[in-house]
S.K.: 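Below is the structure I would like to discuss, written out as structure tokens.
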Amino acid sequence: MKTKNILLLTATITPKTGVPNLKRTDPALRLKDYENAFKFYLSLINQCCDAIVFAENSNSDISSLEKLAKDQNLADQVEFIAFDGLDYPPQYDRAYGEFKLIDYAMENSKIIASQPEETIVWKVTGRYVIRNLNKIINHQPRSFGIYCNFRNHPKHWVDTFLIAWKSNVYQACLKNVYEKLKLNAPDTPPNGGAEELLRNWFDQQSNIKFVRRFKFTPLIDGFRAADNRGYATNDLWKFRVRSSINTLLPWLWI
């Protein structure tokens, strides 16, 4: 039986004020980012994915996205989840909120709940377009519990913009992980960034089958939230270098 693939797109259209290292805060700009990315991901339905779950946690208006799905006659394969999920101090940072949102989506999505256990959920940060996601999904490993991208240079971390998992493995390893990604809380000691904390947690999981590097380097298009810089225009050279190293020196995780 062919493995099913579901895209889980995460979104925060209207972020709270005071979130650290967040420069792209204009809700209108962010909504435009999500609309542009969503159009792209709609084109992947029945190509490399079977359905999309779009989850938004600032209780913002997503009617323009719903219209895009209807206009493409794909409304039956798209589920929208919108709720007020920013009920935490903004200094906890974005990863805390995103993984809390993922928990909500995994618990409340009818599409995900209706899938067999072997279904793969591909979490994508919803403002980013991963141009070669079709290639990444269609060449996924035959067997894994979590498929992600570890890095050892310049830091030990895991990329969080794209992670894939099986639903039963999510329950064992990722559910409630947002509490481990809490930054700048008064009751916690100084720590690294969320990507480093998630890497530390993954490194402790001995019963989960990880595939720790994507076969193909993701080609990202969009604007980074931290500095408002565009990926495609400024970081294409990084993509080319990482792609080459991934092929020629696959043990060098950068």
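The figures that follow rest on heavy atoms only: side chains count, while hydrogens, waters and symmetry mates do not. Along the sequence shown, residues carry numbers from 1.
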S.K.: With side-chain contact (heavy atoms from CB on, under 4.5 Å) as the test, pick out the partner of W122 among I136, I130, L8.
M.R.: I136
S.K.: Quick check: does any side chain N or O of T119 sit under 3.5 Å from a backbone N or O of Q115, one acting as donor and the other as acceptor?
M.R.: no
S.K.: Going by the side-chain hydrogen bond (donor to acceptor under 3.5 Å, both in side chains) test, which pairs reach into residues 128-137, not counting sequence neighbours?
M.R.: R131-D221, N134-N138
S.K.: Indicate whether any N or O donor in one side chain lies under 3.5 Å from an N or O acceptor in the other, for K123 and T125.
M.R.: yes
S.K.: With distance as the sole criterion, is a donor-acceptor pair present between the side chains of N21 and R224 under 3.5 Å?
M.R.: no
S.K.: So with a 6.0 Å cut-off around CG of N207, is the heavy-atom count from everything else above 12?
M.R.: no
S.K.: Would Y147 and F214 count as a close aromatic pair, with their ring centres under 6.0 Å?
M.R.: yes
S.K.: Tell me the closest heavy-atom pair linking Y96 and L181, and the distance in Å.
M.R.: CB-O, 4.3 Å
S.K.: Quick one: do D84 and N57 satisfy side chain to side chain contact (heavy atoms under 4.5 Å, CB included)? Show the steps, please.
M.R.: CA-CA 5 Å; D84 188 1; N57 66 352; over 6 Å; no
S.K.: Just distance, no hydrogens or angles: give the donor-acceptor pairs under 3.5 Å from side chains in residues 166-174, sequence neighbours left out.
M.R.:
unit_1 : atom_1 : unit_2 : atom_2 : d
K166   : NZ     : E118   : OE1    : 2.8
Y170   : OH     : D103   : N      : 3.4
Y170   : OH     : D103   : OD1    : 2.3

S.K.: Considering only heavy atoms from C-beta outward, does the side chain of I13 approach that of I62 to under 4.5 Å?
M.R.: yes
S.K.: Determine yes or no for a side-chain-to-main-chain donor-acceptor pair under 3.5 angstrom, with R199 supplying the side chain and R151 the backbone.
M.R.: yes
S.K.: For E66, which residues count as a salt bridge (Lys or Arg N to Asp or Glu O under 4.0 Å) partner, sequence neighbours excluded?
M.R.: none
S.K.: Mind checking what makes salt bridge (Lys or Arg N to Asp or Glu O under 4.0 Å) contact with D61, not counting sequence neighbours?
M.R.: none
S.K.: Any luck finding a side-chain donor-acceptor pair between S206 and Q204 under 3.5 Å?
M.R.: no
S.K.: Looking at side-chain heavy atoms only, is the closest gap between M106 and K175 below 4.5 Å?
M.R.: no
S.K.: Y104 versus F83: any side-chain heavy-atom pair under 4.5 Å?
M.R.: yes
S.K.: Would you name the heavy atoms of P90 and K16 that are closest together and state the gap between them?
M.R.: CD-NZ, 4.1 Å
S.K.: Could you tell me whether a side-chain N or O of Q91 sits under 3.5 Å from a main-chain N or O of V19, the two making a donor and an acceptor?
M.R.: no
S.K.: Would you check if the side chain of K215 reaches a backbone N or O of P141 as a donor-acceptor pair within less than 3.5 Å?
M.R.: no
S.K.: Could you pull out the closest heavy-atom pair between I120 and A164, with the gap in Å?
M.R.: CG2-CB, 3.9 Å
S.K.: Verify whether one side chain among D159 and N149 offers a donor that lies under 3.5 Å from an acceptor in the other.
M.R.: yes
S.K.: Name every donor-acceptor pair, under 3.5 Å, that has one atom in a side chain of residues 44-55 and the other anywhere in the protein, sequence neighbours excluded.
M.R.:
unit_1 : atom_1 : unit_2 : atom_2 : d
N46    : OD1    : Q77    : NE2    : 3.0
D50    : OD2    : N5     : N      : 2.9

S.K.: If you define the side chain from C-beta out and look only at heavy atoms, does anything of Y178 sit under 4.5 Å from L101?
M.R.: no
S.K.: Using distance only, find each side-chain donor-acceptor pair of residues 22-33 under 3.5 Å and give its atom names and separation, not counting sequence neighbours.
M.R.:
unit_1 : atom_1 : unit_2 : atom_2 : d
R24    : NE     : D33    : OD2    : 2.7
R24    : NH1    : N228   : OD1    : 2.7
R24    : NH2    : D33    : OD1    : 3.3
D26    : OD1    : A28    : N      : 2.9
R30    : NE     : T12    : O      : 2.8
R30    : NH1    : R24    : O      : 2.8
R30    : NH2    : T12    : O      : 2.8
R30    : NH2    : Y34    : OH     : 3.4
D33    : OD2    : R127   : NH1    : 3.0

S.K.: Between F202 and C148, which heavy-atom pair has the shortest distance, and what is it?
M.R.: CE1-SG, 4.2 Å
S.K.: Checking K100 side chain against L86 main chain: does a donor-acceptor pair fall under 3.5 Å?
M.R.: no
